[in-house]
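Counting begins at 1 with the first residue of the sequence.
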Amino acid sequence: MSVKKRLVITTMCLACTFGLIAGCSPSQEAQQQPSGGGDSGDTKPTTEESLTPEQQAIIDGEEGTTNSDINDEFYPGKEYLNGLWDRWDQIAEEYAPEIRTLPNGQMVQRTPTEYEVNPDAWQIQAGSNSYNTYWLDADNRGCESCHPDMNSLLKNLPYEHPVAWNDELDNKTTLQQCLFCHSYAPGYIAKQYEFGTLMHGIHFGARNKTEFATEFQGDCMSCHNATENGEGLELWDLTKYDRLWGINKIADVQGDFKVDQEKTQDQDGVFSYDWMHAYYDNMRHGAGVNGLNLEMPQSLFDEWTITVKGNVNSEYTAKLPDLIKEAEDAGVVVEKTSKMVCNWNPIGGGGVTNTEITGIPVSWLIEKAGGYKDDTTGVRALRADGSSKRAFPKDKVDSDEALLVYKIGGEYLDATRGYPCTNWVEGVDAQINSKQIDTYEVTNEDIDYTDKWAGNPNGWQNEANVPMNKPNATILGVPDGLLVQNGQPFTFEGYVDAYDEKIASMEFSMDGGETWTKYELGDTDRNKMVWWSFTYTPELEGAYCLTVRATTESGAESFETQTVMINAKDKLPTPEETTVLTSGSLIPPKVSVEATNEEDK
């Protein structure tokens with residue numbers, strides 16, 4: 001039996017012993033009666049006065065107190081307690097949280113081990129480590145119990161999902177991002193607030209319900225959490241960190257905070273949602289890196305034309321290579337670090353880019369057309385296939401924030417990024433960056449350029465017109481329960497952005513939002529991404545949850561926050577000591593693996 005168990009049992013025995021001593025001692029009134037019936041005034045000292053501080057601590061139930069003068073022989077029932085401890089040890093070992101090695105080599109433990117748990121309960125078995133797994137069955141709940149890598153799941157769907165992942169950023173798709181898109185998104189999602197209908201249809205429909213219920217032992221509690229709080233069936237993944245035991249809470253967490261705006265991505269890392277709006281969107285997708293990854297013909301570049309027309313003094317059409325050479329000779333070609341952000345990018349999403357672009361200012365292209373007329377309001381960016389007619393305001397032209405881009409990361413565009421050229425406008429929705437643009441149409445139309453259908457929204461609003469992702473503070477590269485070395489610095493990384501606004505501050509919490517540690521960012525460039533890092537050194541073995549939020553220059557605060565959990569281990573396991581996954585898309589439950597192993601013996 002472990003020393004810890006003996007200590008607890010001994011403490012209980014001592015508490016009972018001295019409780020009896022205290023309970024059997026003469027009452028205060030009796031002690032104050034004169035001896036021999038006389039009135040001598042002499043009294044005996046009270047029992048309480050004769051106790052040592054250590055003895056009194058035992059009586060008071062102070063944790064960790066012992067007394068060497070009292071031993072286990074006072075209680076012949078000790079063997080029964082020993083048996084209980086042994087049984088609980090066996091249960092704890094059998095239901096130890098699963099540790100997985102993901103296909104990318106990262107090790108995760110999705111359920112905390114309950115080191116040093118003090119649940120404020122009187123049951124001595126509450127100190128065991130199987131509340132999460134034995135009672136709550138936490139290892140078998142939540143999306144990632146079956147789908148360890150949600151990005152991989154999206155990539156492998158029979159019907160293609162828009163490219164919501166970003167492999168270079170290593171954003172981790174979770175239920176939070178799914179709900180962001182599948183809740184309220186008029187114009188993108190056909191029916192609003194239908195995520196539950198969709199998921200129940202997939203898992204309990206005729207096609208999958210037998211496999212879900214039998215092979216994967218799935219039921220309502222696989223996805224939901226039921227409490228008496230009046231909230232009904234909550235989604236487990238959204239409430240689990242409030243339910244699980246064993247998460248170390250650190251008040252006023254301290255770490256090393258840094259920001260960087262010059263970090264860039266190569267073209268391979270520049271996000272493209274590949275929305276597949278129409279036929280030619282599908283064609284670009286099929287030719288791009290998420291499709292056949294074809295090498296585009298040089299002739300397409302050589303023969304591509306750009307037209308500038310509309311509310312200008314002299315319309316013209318010119319070949320793209322000729323325009324590039326003329327712009328280079330004139331010294332107007334721009335090479336700069338610039339960001340691109342989708343207005344629908346969720347908290348934790350990968351729809352962001354900071355990269356080096358090479359392009360021709362649209363202002364120079366319009367000057368070649370004799371300049372725009374006095375009543376001009378903006379410019380429409382038209383794709384060759386006619387699938388986009390988005391517009392941007394005149395001030396984007398005047399500030400040279402609108403460019404005809406033909407290189408990203410120093411390389412000519414690939415099919416996914418719009419070969420041979422794309423429009424690029426800073427400080428507005430990425431959808432204004434029309435791929436395979438061939439026409440700039442200067443307009444004097446009265447356009448509401450803040451409207452999302454015009455192409456210039458900055459953030460996504462819910463039904464109450466509240467920005468849900470402005471600002472957006474995101475943590476990257478941390479799968480749920482990532483194992484890290486206890487006592488060694490671990491660096492969290494991510495980005496923070498507010499579209500057309502500057503970020504004023506970031507805050508970090510490791511106690512569920514009870515306290516926040518704030519960092520001021522100072523002056524930043526709103527047209528570049530803000531990459532952040534926060535280095536923290538765990539000092540206790542166990543789980544830690546980090547939550548991040550931000551505030552903009554105008555005072556807007558994060559509407560949604562992101563939380564990730566890590567597990568700090570004194571000794572990290574080897575892959576052979578874990579469940580090694582060869583696929584991140586879908587895995588059989590542990591019971592099926594065990595049953596298969598038994599059949600092979």
Inset, instruction - Report yes or no: do Thr552 and Ser554 form a side-chain donor-acceptor pair below 3.5 Å? - result: yes
Legend entry - Under 3.5 Å: donor-acceptor pair, side chain of Thr517, backbone of Val253: yes
Inset, instruction - Indicate yes or no: at least one non-hydrogen side-chain atom of Asp480 is less than 4.5 angstrom from one of Val564. - result: no
Legend entry - Thr376 (side chain) donor-acceptor with Lys373 (main chain) under 3.5 angstrom: yes
Legend entry - Min side-chain heavy-atom separation Tyr406-Val333 under 4.5 Å: yes
Inset, instruction - Find the distance between OG1 (Thr307) and CD (Glu315) and round it off to the nearest 0.5 Å. - result: 8.5 Å
Inset, instruction - Check the side chains of Asn354 and Gln265 for a donor-acceptor pair under 3.5 angstrom, ignoring hydrogens and angles. - result: no
Inset, instruction - Report the C-alpha distance between His285 and Asn290 in whole Å, list the side-chain angles of each, state the deciding distance to 0.1 Å, and finish with yes or no for side-chain contact (heavy atoms from CB on, under 4.5 Å). - result: CA-CA 7 Å; His285 172 69; Asn290 296 302; 3.7 Å; yes
Legend entry - Sidechain-backbone polar pair: Gln177 side chain, Ile347 backbone, donor-acceptor under 3.5 Å: yes
Inset, instruction - For the residue pair Thr358 and Val405, establish whether any side-chain heavy-atom pair is separated by less than 4.5 Å. - result: no
Legend entry - Side-chain heavy-atom pair Trp531, Glu493 within 4.5 angstrom cut-off: no
Legend entry - Backbone of Ser152 reached by a side-chain donor or acceptor of Asn156 within 3.5 Å: yes
Inset, instruction - Would you kindly say whether Gln192 and His182 are connected by a side-chain donor-acceptor distance under 3.5 Å? - result: no
Inset, instruction - State whether a side-chain donor-acceptor pair under 3.5 Å links Tyr193 with Glu463. - result: yes
Legend entry - Stepwise side-chain contact (heavy atoms from CB on, under 4.5 Å) check, Phe392 with Val428: CA-CA 8 Å; Phe392 53 91; Val428 295; 5.5 Å; no
Legend entry - Quiz item: cation-pi between Lys309 and Tyr440, 6.0 Å / 45°: no
Legend entry - Output field: ring centroids Phe257/Tyr519 closer than 6.0 Å: yes
Inset, instruction - Could you tell me whether Lys368 sits above the aromatic face of Trp364, with NZ or CZ closer than 6.0 angstrom to the six-membered ring centre and within 45 degrees of the axis? - result: yes
Inset, instruction - Taking the six-membered ring for Trp and the full ring for Phe, Tyr or His, determine whether the centres of His200 and His224 are under 6.0 Å apart. - result: yes
Legend entry - Thr173 versus Trp165, side-chain donor and acceptor atoms under 3.5 Å: no
Legend entry - Side-chain donor-acceptor pair present, Glu560, Gln176, cut-off under 3.5 Å: yes
Legend entry - Min side-chain heavy-atom separation Lys394-Thr377 under 4.5 Å: no
Legend entry - Ser272 and Lys435: side chain donor to acceptor below 3.5 Å: yes
Inset, instruction - Give a yes or no on whether the backbone of Ile202 and the side-chain of Asn208 come within a donor-acceptor separation of less than 3.5 Å. - result: yes
Legend entry - Trp344 ring center near Tyr188 ring center (under 6.0 Å): yes
Inset, instruction - Answer yes if the side chains of Asp429 and Asn458 hold a donor-acceptor pair under 3.5 Å, and no otherwise. - result: no
Inset, instruction - Assess the side chains of Tyr372 and Asn313: does a donor N or O sit below 3.5 Å from an acceptor N or O? - result: no
Inset, instruction - Nearest 0.5 Å please: distance from the OG1 atom of Thr474 over to the CG atom of Asn345. - result: 6.5 Å
Inset, instruction - Any chance you could measure Tyr280, atom OH, to Asp385, atom CG, to the nearest 0.5 Å? - result: 7.0 Å
Inset, instruction - Measure the acute angle between the ring planes of Phe212 and His203, then classify it against the limits of 30° and 60° as parallel, tilted or perpendicular. - result: perpendicular
Legend entry - Residues Asn166 and Tyr273: side-chain donor-acceptor under 3.5 angstrom: no
Legend entry - Basic-acidic side-chain contact under 4.0 Å: Glu262, Lys528: yes
Legend entry - Reported CG-to-CZ distance for the pair Leu179 and Phe195, which is rounded to 0.5 angstrom: 5.0 Å
Legend entry - Side-chain donor or acceptor of Thr239 paired with backbone N/O of Trp236 under 3.5 Å: no
Legend entry - Donor-acceptor under 3.5 Å (Asp266 side chain, Gly269 main chain): no
Inset, instruction - Answer with yes or no whether the side chains of Thr443 and Asn311 bring together a donor and an acceptor at under 3.5 Å. - result: no
Inset, instruction - For Asp167 and Lys155, run salt bridge (Lys or Arg N to Asp or Glu O under 4.0 Å): C-alpha distance rounded to whole Å, both residues' side-chain angles, the deciding distance at 0.1 Å, then the answer. - result: CA-CA 11 Å; Asp167 289 336; Lys155 293 177 184 178; 3.0 Å; yes
Inset, instruction - Measure the spacing between CD of Gln106 and CG of Asp149 and express it to the nearest 0.5 Å. - result: 9.5 Å
Inset, instruction - State the CG-SG distance between Leu320 and Cys421, to the nearest 0.5 angstrom. - result: 5.0 Å
Legend entry - Donor-acceptor contact below 3.5 Å, side chain Asn151 vs main chain Asn171: yes
Legend entry - Side-chain donor-acceptor pair present, Arg284, Gln436, cut-off under 3.5 Å: yes
Inset, instruction - Show your reasoning for whether side-chain contact (heavy atoms from CB on, under 4.5 Å) applies to Leu300 and Tyr419. - result: CA-CA 9 Å; Leu300 185 63; Tyr419 178 88; 3.8 Å; yes
Legend entry - Contact check, side chains of Met529 and Val352, non-hydrogen atoms, under 4.5 Å: yes
Inset, instruction - Please work out whether the ring planes of Phe490 and Phe492 are parallel, tilted or perpendicular, with thresholds of 30° and 60°. - result: perpendicular
Legend entry - Partner of Gln267 under side chain to side chain contact (heavy atoms under 4.5 Å, CB included), chosen from Thr355, Val289, Leu413: Leu413
Legend entry - Audit row: Met510, Cys545, side-chain contact (heavy atoms from CB on, under 4.5 Å) steps and yes/no: CA-CA 6 Å; Met510 265 194 179; Cys545 285; over 6 Å; no
Inset, instruction - Check the pair Ser338, Asn527 against side-chain hydrogen bond (donor to acceptor under 3.5 Å, both in side chains), reporting the backbone distance first and the verdict last. - result: CA-CA 6 Å; Ser338 181; Asn527 285 331; over 6 Å; no
Inset, instruction - Check step by step if side-chain hydrogen bond (donor to acceptor under 3.5 Å, both in side chains) holds for Glu401 and Ser399. - result: CA-CA 5 Å; Glu401 292 179 286; Ser399 63; 2.7 Å; yes
Inset, instruction - Keeping the roles fixed (side chain from Thr353, backbone from Phe271), state whether a donor-acceptor pair exists under 3.5 Å. - result: yes
Legend entry - Side-chain donor-acceptor contact under 3.5 Å, Thr264 with Thr337: no
Inset, instruction - Step through it carefully: locate the ring centre of Phe301, locate the ring centre of Tyr412, and say whether they are under 6.0 Å apart. - result: yes
Legend entry - Modelled atom types, side-chain donor and acceptor of Glu520 and Ser505, under 3.5 Å: no
Legend entry - Salt-bridge present (Asp438, Arg383; N to O < 4.0 Å): no
Legend entry - Option among Arg526, Lys339, Lys396, Lys470 that satisfies the salt bridge (Lys or Arg N to Asp or Glu O under 4.0 Å) test with Asp500: Lys470
Inset, instruction - State whether Arg380 and Glu445 are salt-bridged, where the test is any N-O pair (Lys NZ or Arg NE/NH1/NH2 against Asp/Glu carboxylate O) under 4.0 Å. - result: yes
Inset, instruction - Using modelled atom types only, decide if a donor and an acceptor are shared between the side chain of Asp414 and the backbone of Arg417 within a distance under 3.5 Å. - result: yes
